[in-house]
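Numbers restart at 1 for each chain; the letters A, B, ... are given by sequence-line order, proteins then strands.
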Protein chains: 2
Amino acid sequence: MLEYIILGLLMEGPMSGYEMKKTIDSSVGLFYRASFGSLYPVLKRLADKGVLSVAEAEGGRNKKEYTLLPAGKEQFVSWLAEPLPVSRNEVLLRIFFYDYLDEDTRQARLSEYENKLESEMRRLQAVQEIVAGELEHIEHPENYFTACPC
Amino acid sequence: MLEYIILGLLMEGPMSGYEMKKTIDSSVGLFYRASFGSLYPVLKRLADKGVLSVAEAEGGRNKKEYTLLPAGKEQFVSWLAEPLPVSRNEVLLRIFFYDYLDEDTRQARLSEYENKLESEMRRLQAVQEIVAGELEHIEHPENYFTACPC
DNA sequence: GACATCATGTAACCAGTTACATGATTAG
DNA sequence: CTAATCATGTAACTGGTTACATGATGTC
């Protein structure tokens, strides 16, 4: 699983392990949690397999930059094209048993969860607006430099 | 996870390991798959912990019947009352990357999945109708024996 | 008598987590 | 100079999977 997420992130360009963790948390964080303890060993394994390459990144810190190799891209796309799997869903599983919960707790848990989903949705919508704005600049390159805050 | 599903199934009454597997497949099968290789060791562990009791079931076969003990019921309900977790969802994860998939494959995978969900929904609706019918008999016990096909 | 199904169990393996260790760089 | 954050990594453990072994019972 994590193997393919890593490949997927690298489709956009090279990245370090630490950056991957941050990107995962802030994008698919609602339905996938990555830990460093799994991340780094997987990166090593993927490098050994030859689907990505490693380079020391500049910056003085012990930072490494991983780059997707053609073999990795191929593997990622063929994974992506597979039929959508029957996937485990702990939330639905609990709700399946909600008959055994008293009405009050049930209501409390469900609205709690609804709130969580709504705040996550707002966060993702904000990201989408930023991305849409960037795309507009790319499509109208004449505005690109004038609008840049740097 | 599986620990709590087992406790949840036993809330309805005693059952064997083999029956649990069948029940899981035909109820929460769409979002949880159990294997015998995990089921039996967990049952043993739960018995050792004292949350359920084991008895040889009649029928000649090497069949065991597991019964929920009060400690198990308590544990199950307090698990159920916990806030709904951030749970992994492989389907959403793949769809997150669907930008990298060509339009045709994407469409194919999505309608494939939609069909799967719809057929599962029909199956569960059929189950619901059966259960609703049974409930009606319990509420009108005068019809209970007359309507029984046996 | 052969084959499907019922029924339990084990061993090798795999993916991931938690907790920890280590050290460099930046911000106040 | 100190605390936060950047950055990588390891070891012990957990919760599962797959594949296999074993044998009983029902069905054609």
Side-chain angles (χ1 to χ4, degrees), chain A residues 1-9 14-26 28-29 31-49 51-67 75 79 85-90 93-94, chain B residues 1-9 14-26 28-29 31-49 51-67 75 79 85-90 93-94:
Chain A
M1 186 77 285
L2 184 51
E3 266 191 37
Y4 295 107
I5 299 172
I6 290 172
L7 298 181
L9 293 177
M15 206 183 266
S16 73
Y18 193 82
E19 284 164 343
M20 284 178 203
K21 165 88 163 97
K22 281 204 303 180
T23 308
I24 290 170
D25 288 349
S26 64
V28 291
F31 41 90
Y32 194 92
R33 296 232 162 276
S35 67
F36 286 123
S38 53
L39 197 55
Y40 288 114
V42 170
L43 282 170
K44 190 169 186 303
R45 200 168 67 223
L46 289 174
D48 291 346
K49 272 204 282 184
V51 295
L52 49 80
S53 66
V54 201
E56 295 293 320
E58 85 288 358
R61 306 192 190 205
N62 180 24
K63 187 177 173 179
K64 294 176 180 174
E65 211 173 44
Y66 297 90
T67 307
Q75 211 171 297
W79 168 77
V86 172
S87 81
R88 189 162 297 189
N89 188 329
E90 201 179 330
L93 203 46
R94 260 179 220 244
Chain B
M1 187 77 285
L2 184 52
E3 269 194 34
Y4 294 107
I5 299 173
I6 290 173
L7 298 181
L9 292 177
M15 206 184 264
S16 74
Y18 193 81
E19 285 165 343
M20 285 178 203
K21 165 89 164 96
K22 279 205 305 182
T23 307
I24 290 170
D25 289 349
S26 64
V28 292
F31 40 90
Y32 194 92
R33 296 232 162 276
S35 68
F36 286 123
S38 55
L39 196 56
Y40 288 113
V42 171
L43 282 170
K44 190 168 186 304
R45 201 169 65 223
L46 289 174
D48 290 347
K49 272 205 281 184
V51 295
L52 48 79
S53 66
V54 201
E56 294 294 319
E58 85 286 359
R61 304 191 191 206
N62 180 25
K63 189 178 173 180
K64 294 177 180 174
E65 210 173 44
Y66 297 89
T67 308
Q75 211 171 296
W79 168 77
V86 172
S87 80
R88 189 162 297 189
N89 189 327
E90 200 179 329
L93 203 46
R94 258 177 220 244

Rounded to whole Å, how long is the line connecting atom CD of E56(B) with atom P of dG9(C)? 9 Å
Would you mind telling me which of dC6(D), dC6(C), dG9(C) lies closest to the side-chain atoms of Y18(B)? dC6(C)
Out of dT25(C), dA7(C), dT18(C), minimum distance to the side chain of R61(A) belongs to dT25(C)
Length of the CG-C1' vector between L43(B) and dT10(C), whole Å: 15 Å
On DNA chain C, does the nearest nucleotide to Y32(A) precede the nearest nucleotide to S38(B) from the 5' side, or the other way round? Give the residue. S38(B)
Just checking K64(B): base, sugar-phosphate only, or nothing, at a heavy-atom cut-off of under 4.0 Å? sugar-phosphate
Nucleotide dT8(C), atom P - distance to CZ of R45(B) in whole Å: 18 Å
Ignoring backbone atoms, establish whether R88(B) has a side-chain N or O less than 4.0 Å from OP1 or OP2 of dT17(C). yes
I'd like to know whether NZ of K49(B) has more than 12 heavy-atom contacts from other residues, nucleotides or ligands below 6.0 angstrom. yes
Residue pair E3(B)/E65(A) against DNA chain D: nearer the 5' end by closest nucleotide is E65(A)
Rounded to whole Å, OH of Y40(A) lies from C1' of dT18(C) at a distance of 16 Å
What's the closest nucleotide to the side chain of P41(B) if the choices are dG16(D), dT10(C), dT8(C)? dT10(C)
Distance-minimising heavy-atom pair for Q75(B) and Y4(B): O-CE2, 4.1 Å
Taken to the nearest whole Å, NZ/K21(B) to C1'/dG16(D) is 14 Å
Taking all non-hydrogen atoms of both residues into account, name the closest pair between G17(B) and L39(B) and its distance. O-CD2, 3.2 Å
With a non-hydrogen cut-off below 4.0 angstrom, is G17(B) in contact with a base, only sugar-phosphate, or nothing? sugar-phosphate
Looking at the side chain of L2(A), which of dA7(C), dT8(D), dG16(C) is the nearest nucleotide? dG16(C)
Name the closest nucleotide to the K22(B) side chain, picking from dC6(C), dT8(D), dT18(C). dC6(C)
Rounding to a whole Å, what distance do you find between F36(A):CZ and dT8(D):P? 8 Å
Determine the minimum heavy-atom distance between P85(B) and R94(A), stating which atoms define it. CD-NE, 3.7 Å
Identify which nucleotide among dG16(D), dT25(C), dT8(D) has an atom closest to any side-chain atom of K63(A), counting heavy atoms from C-beta outward. dT8(D)
What does Y66(A) touch in the nucleic acid at a heavy-atom separation under 4.0 angstrom: a base, only the sugar-phosphate, or nothing? sugar-phosphate
Show the numbers, then the answer: is there a side chain to side chain contact (heavy atoms under 4.5 Å, CB included) between M15(B) and K22(B)? CA-CA 11 Å; M15(B) 206 184 264; K22(B) 279 205 305 182; over 6 Å; no
